[in-house]
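For the numbers below, each heavy atom of this structure counts, side chains included, while hydrogens, waters and symmetry mates do not.
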Amino acid sequence: MPELPEVETLCRQLTPVLDRAVLQKIIVKDARLRSVSLTAGQGVKSVYRVGKSLAVQFEKTKTLLIHLRMTGRLSWITDGTCPFYSRCVLVFDSGRLHLVDPRRFATLSIVVGDSKEKRKLLDPMDEREGRDFMILSAGRRLPVKNFLMDQKTLGGIGNIYACEMLHRAGISPWRRACDMDEQRWRRLSKAMKATLGKAIECRGTTISDWADLFGRKGSYQKQLRVYGRKGKPCPRCGAPVIRTLLSGRATFFCTSCQET
DNA sequence: CGAACGACCTGTTCGC
DNA sequence: TGCGAACAGGTCGTTC
């Protein structure tokens with residue numbers, strides 16, 4: 001579930017919460033996460049997002065990378081309760097950060113130093129011209145939707161927001177990335193920032209179980225134009241929204257607003 | 001390079 | 001109502 005806006009929401013909420021927090025211990029409850037260890041007594045130096053990963057950098061060189069995959073959430077708890085499906089707890093002097101994850105797909109990893117430098121991953125929210133996308137997509141014959149979701153090129157866009165931004169830009173999910181002209185990239189680039197920016201303001205999309213650091217649902221689901229709206233009217237032209245599969249993933253679009 | 005598919009897990013929704 | 005199948009926001013590895 002968590003795509004860029006959800007992880008960005010957690011990042012923004014976690015930054016003040018962990019400011020000057022000192023790690024007391026880490027409790028790993030799921031054997032799949034057992035390889036993670038951190039030294040107690042360390043302070044948090046910074047919190048940042050890399051694509052869909054959340055990075056918690058500690059003072060003594062190590063950075064914890066959290067990837068929430070499908071159903072992962074983070075929950076900040078100060079009253080000693082323990083949420084269902086808590087798989088790991090970072091105990092700080094000021095409270096407990098739980099990794100909550102029913103499906104157990106989430107991953108934790110440790111990198112030495114600052115992972116930002118190691119991965120020069122491009123972020124969809126960075127300023128970028130249509131021209132930059134022309135260069136990035138040159139020779140890429142895959143559908144533009146797959147290009148958007150390819151985490152090695154751009155980090156952070158998943159299935160929901162790929163569908164949404166393509167609809168906003170009026171571009172077919174099947175158009176080959178290399179067949180996009182500069183005009184289309186300019187439109188898509190704007191749609192990308194508008195869609196993700198609005199979703200961040202809404203603290204993400206709650207379709208079934210997403211919640212922010214404090215357990216509140218997001219509200220972008222109220223603004224979805226096509227995702228999950230099979231058969232419902234396209235908000236732009238009223239034609240029914242179509243659901244099909246593209247590379248095995250559910251893909252929602254409007255035949256009349258998104259050129260073929 | 002890229003598509004198709006199965007794995008990894010568990011909970012919820014759908015269709016008969 | 002009951003029950004199995006299909007489906008879910010993500011990624012990885014293998015095969016073609």
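With no hydrogens or angles considered, no side-chain donor-acceptor pair links A:S172 and A:E259 at under 3.5 Å. Side-chain N/O atoms of A:H98 and A:S75 include no donor and acceptor closer than 3.5 Å.
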Exercise. If pairs are Watson-Crick or G-U with both distances under 3.5 Å, what is the dot-bracket string of DNA chain B, marking crossing pairs with [ ] and pairs to another strand with |?
Worked result: .|||||||.|||||||
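Contacts of A:P5 with the nucleic acid, taken as non-hydrogen atoms under 4.0 Å apart, are absent. Counting any heavy atom pair closer than 4.0 Å across all strands shown, A:D101 reaches no nucleic acid atom. Within the 4.0 angstrom heavy-atom criterion, only backbone atoms of the sugar-phosphate kind lie near A:L142; the bases stay farther away.
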N/O to N/O distances under 3.5 Å, protein versus nucleotides 5-8 of chain C:
{"residue": "C:dA8", "atom": "OP1", "partner": "A:R243", "partner atom": "NH2", "Å": "2.6"}
{"residue": "C:dA8", "atom": "N3", "partner": "A:R103", "partner atom": "NH1", "Å": "3.0"}

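Comparing B:dG6 with C:dA5, their P atoms are spaced 15 Å from each other, to the whole Å. Taking the P atom of each, C:dT11 and B:dG11 are spaced 22 Å apart, rounded to whole Å.
Rounded to whole angstrom, the span from the OH atom of A:Y161 across to the C1' atom of C:dG10 amounts to 14 Å. Whole-Å rounding puts the A:R104 CZ to C:dC12 P distance at 19 Å. Here C:dG9 presents its C1' atom at 17 Å from CG of A:L246, a figure rounded to the nearest Å.
Listed by first and then second residue, the ring pair (Phe, Tyr, Trp, His ring centres under 6.0 Å) pairs involving residues 226-245 of chain A are A:Y227-A:F252 (not counting sequence neighbours). Residue pairs satisfying the salt bridge (Lys or Arg N to Asp or Glu O under 4.0 Å) criterion with at least one member in residues 217-244 of chain A, sequence neighbours excluded, are absent.
Stacking of A:F105 onto the six-membered ring of C:dG10 is present: less than 5.5 angstrom between centres, less than 30° between planes.
Every residue meeting the side-chain hydrogen bond (donor to acceptor under 3.5 Å, both in side chains) condition with A:Q13, not counting sequence neighbours, appears here in chain and number order: A:D212. In this view, A:S37 satisfies the side-chain hydrogen bond (donor to acceptor under 3.5 Å, both in side chains) rule with no residue, not counting sequence neighbours. The side-chain hydrogen bond (donor to acceptor under 3.5 Å, both in side chains) test applied to A:R128 returns no partner, not counting sequence neighbours. Under the side chain to side chain contact (heavy atoms under 4.5 Å, CB included) criterion, A:P173 pairs with A:K145, A:L166, A:L246, A:T251, A:F253, A:Q258, sequence neighbours left out. In this structure, the salt bridge (charged side-chain N to carboxylate O under 4.0 Å, His left out) partners of A:D30, at least two apart in sequence or on a different chain, are A:R104. Under the ring pair (Phe, Tyr, Trp, His ring centres under 6.0 Å) criterion, A:F147 pairs with A:W185, not counting sequence neighbours.
Counting heavy atoms from C-beta on, the side chains of A:L90 and A:L64 come closer than 4.5 Å.
Reading DNA chain B from its 5' end, the first and the last nucleotide to sit under 4.0 Å from a heavy atom of chain A are B:dG2 to B:dG11.
A:Q151 has a side-chain polar atom (N or O) that falls below the 4.0 Å cut-off from OP1 or OP2 of C:dT11. Phosphate contact (OP1/OP2 of C:dT11, side-chain N/O of A:K152, threshold under 4.0 Å): absent. Considering only side-chain N and O atoms, A:H67 lies nowhere under 4.0 angstrom from the phosphate OP1 or OP2 of C:dG10.
Hydrophobic cluster membership for A:Y85: A:F84, A:V100 (Ile, Leu, Val, Met, Phe, Trp, Tyr linked by side-chain heavy atoms under 4.5 Å, directly or transitively).
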